[in-house]
Amino acid sequence: MARKPSKPHPGARDKATAQALVRWFKANAREMPWRPRPLGIKRDPYVVLVSEIMLQQTQVSRVAPAFERFIARFPTIESLANAPEPDILALWSGLGYYRRAKMLHAAAQAVVSDHAGTMPSTSHALKGLPGVGAYTAAAVASLAFHEPTAMVDGNVTRVLLRFDARRAGASDPKAIAWARSRADALIRHAGPTPAPTLAGEALMELGATVCTPRSPRCDVCPLRTWCVARATGLTDTIPTPKRTKQTPTVRAVSIVLEDHAGRVAIETRPAKGMWASMVQAPTIEWADDSRDATDVAREALALGPSAKLRERERFTHQTTHRRFEFTVLTVRVTDRMKRSIERQRPGLSWATREAIAGMGVSSVQARVLLNGH
DNA sequence: AAGCCGGGGGG
DNA sequence: CCCCCAGGCTT
């Protein structure tokens with residue numbers, strides 16, 4: 001009998017896609033300190049946890065050196081659980097979102113106290129750890145235990161929205177939920193273990209290096225023959241843009257107080273909020289733009305007329321929800337002034353720049369205290 | 001559902 | 001230089 005050209009089997013597109021992903025990944029996976037060779041062997045779950053928490057909101061190039069320092073200093077989950085928080089924050093310096101470091105510490109302590117020091121092996125159990133949400137739980141379960149669960153971050157959501165040409169925002173919770181089930185289904189077509197894990201890693205790598213937010217390199221994409229956005233010219237309009245946010249401006253003055261021995265004054269920020277628990281030069285923030293930084297500083301530290309404040313620099317520092325206008329003042333202090341300032345500013349202490357470089361310091365305070373690292 | 005948390009890279 | 005990005009917790 002005459003056969004019509006066979007219609008593609010449902011799932012055939014997914015199977016071809018998943019296999020193409022694995023092939024492409026084996027040929028194009030970047031070297032990373034946390035990515036052991038050969039690809040597809042089970043990884044140390046503690047090492048995966050550290051690297052994935054660091055990689056939340058942070059780019060690979062920033063994480064790589066910090067990761068190596070961190071693992072060298074805290075090679076096991078017990079060593080991390082037993083460490084003082086300031087030591088952990090010190091190794092998190094410059095990475096931002098410092099609450100992640102506190103929650104990683106809490107997660108290590110939870111593994112030691114609630115799981116006898118052994119990392120949980122399922123994404124469901126992992127989600128019970130502090131700081132471990134759907135993405136990180138899937139990453140540890142997939143990379144360390146070969147659970148066939150897809151890691152869905154912003155990159156993967158973008159790849160899949162384009163692949164199926166769904167017009168949605170990449171941070172829309174509904175779109176993320178859809179992408180999770182879509183990715184799970186897709187990677188399970190890749191073949192027997194560890195193929196689903198490799199396909200999942202491939203989706204992440206593809207989003208990071210090829211299916212980028214702007215100017216995606218569709219010409220070299222392993223999914224180009226099946227991608228609906230490419231076929232319909234929608235690549236540049238998916239994901240849909242999110243509305244922009246207005247950020248208030250905050251003025252800040254940091255005072256670099258230096259004594260005769262070359263030590264400078266430092267204090268620790270509150271345990272919650274911006275730059276939580278990080279070390280800084282005495283810093284005052286205010287919103288009223290009519291006030292002068294030098295006046296604010298003089299008043300806050302109760303500096304007398306003999307204290308010579310010099311303005312070293314002004315710069316702006318943008319964060320997600322605030323725009324800071326920093327003024328940096330320097331002043332040499334006598335022993336008499338030190339005692340007066342210490343009474344005015346409880347919790348203040350004195351340290352050499354060398355010592356401060358080994359503490360938890362934000363990027364902006366590294367600029368203030370250490371001339372930028 | 002919306003807001004909070006840093007920092008760097010790309011156009 | 002402005003614009004963009006994004007996981008998990010808290011409210």
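Numbers restart at 1 for each chain; the letters A, B, ... are given by sequence-line order, proteins then strands. Just so it is clear, the model here is predicted, and its values are computed rather than measured.
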Original post:
Is the shortest distance from a Lys or Arg side-chain nitrogen in A:R182 or A:D14 to a carboxylate oxygen in the other one below 4.0 Å?
Top reply: yes

Original post:
How about A:R336: does its CZ atom have over 12 heavy atoms from other parts shown lying under 6.0 Å from it?
Top reply: no

Original post:
Under 30°, 30 to 60°, or over 60°: which ring-plane class applies to A:H317 and A:W275, parallel, tilted or perpendicular?
Top reply: tilted

Original post:
Between A:W92 and B:dG6, is there a side-chain N or O to OP1/OP2 distance below 4.0 Å?
Top reply: no

**OP:** Can you tell me, in whole Å, how much space there is between the P of B:dG6 and that of C:dT11?
**Re:** 16 Å

**OP:** Please collect all side-chain hydrogen bond (donor to acceptor under 3.5 Å, both in side chains) contacts where either partner lies in residues 119-129 of chain A, sequence neighbours excluded, each pair once.
**Re:** A:S123-A:E147

Subject >> All side-chain hydrogen bond (donor to acceptor under 3.5 Å, both in side chains) counterparts of A:R298, not counting sequence neighbours >> reply: none

Got a list of protein N/O to nucleotides 9-11 of chain C N/O distances below 3.5 Å?
| residue | atom | partner | partner atom | Å |
| --- | --- | --- | --- | --- |
| C:dC9 | OP1 | A:G131 | N | 2.8 |

**OP:** Return each pair, listed once, that meets side-chain hydrogen bond (donor to acceptor under 3.5 Å, both in side chains) where at least one residue sits in residues 42-51 of chain A; pairs must be two or more places apart or across chains.
**Re:** A:R43-A:E201

Original post:
What pairs of residues pass the ring pair (Phe, Tyr, Trp, His ring centres under 6.0 Å) test when at least one of them lies in residues 62-87 of chain A, not counting sequence neighbours?
Top reply: A:W34-A:F67, A:F70-A:F74, A:F70-A:W92

**OP:** Enumerate the residue pairs fulfilling salt bridge (Lys or Arg N to Asp or Glu O under 4.0 Å) with a member in residues 149-163 of chain A, sequence neighbours excluded, ordered by first and then second residue.
**Re:** none

Original post:
Pairs counted as Watson-Crick or G-U wobble with both distances under 3.5 Å: what dot-bracket string results for DNA chain B, using | for bases tied to another strand?
Top reply: |||||.|||||

Original post:
Where along residues 42-58 of chain A does a heavy atom come under 4.0 Å from DNA chain C, residue by residue in number order?
Top reply: A:Q56, A:Q57

Subject >> Sequence neighbours excluded - side-chain hydrogen bond (donor to acceptor under 3.5 Å, both in side chains) pairs with any residue from residues 221-239 of chain A >> reply: none

**OP:** Mind checking salt bridge (charged side-chain N to carboxylate O under 4.0 Å, His left out) for A:R188 and listing every partner two or more places apart, or none if nothing turns up?
**Re:** none

Original post:
Can we say A:R314 and A:E325 salt-bridge, meaning some charged N sits less than 4.0 Å from an Asp/Glu carboxylate O?
Top reply: no

**OP:** Find which nucleotide of DNA chain B each of A:P173 and A:L95 is nearest to by heavy atoms, and output the residue with the more 5' nucleotide.
**Re:** A:P173

Original post:
Residues two or more places apart in sequence or in another chain: which of them pass side-chain hydrogen bond (donor to acceptor under 3.5 Å, both in side chains) with A:S181?
Top reply: none

Subject >> Euclidean distance for P, C:dA6 against B:dG11 (whole angstrom) >> reply: 14 Å

For nucleotides 8-11 of chain B, tabulate all protein N/O to nucleotide N/O atom pairs closer than 3.5 Å, reporting atom names and distance.
| residue | atom | partner | partner atom | Å |
| --- | --- | --- | --- | --- |
| B:dG8 | OP1 | A:R62 | NH1 | 3.4 |
| B:dG8 | OP1 | A:R62 | NH2 | 2.8 |

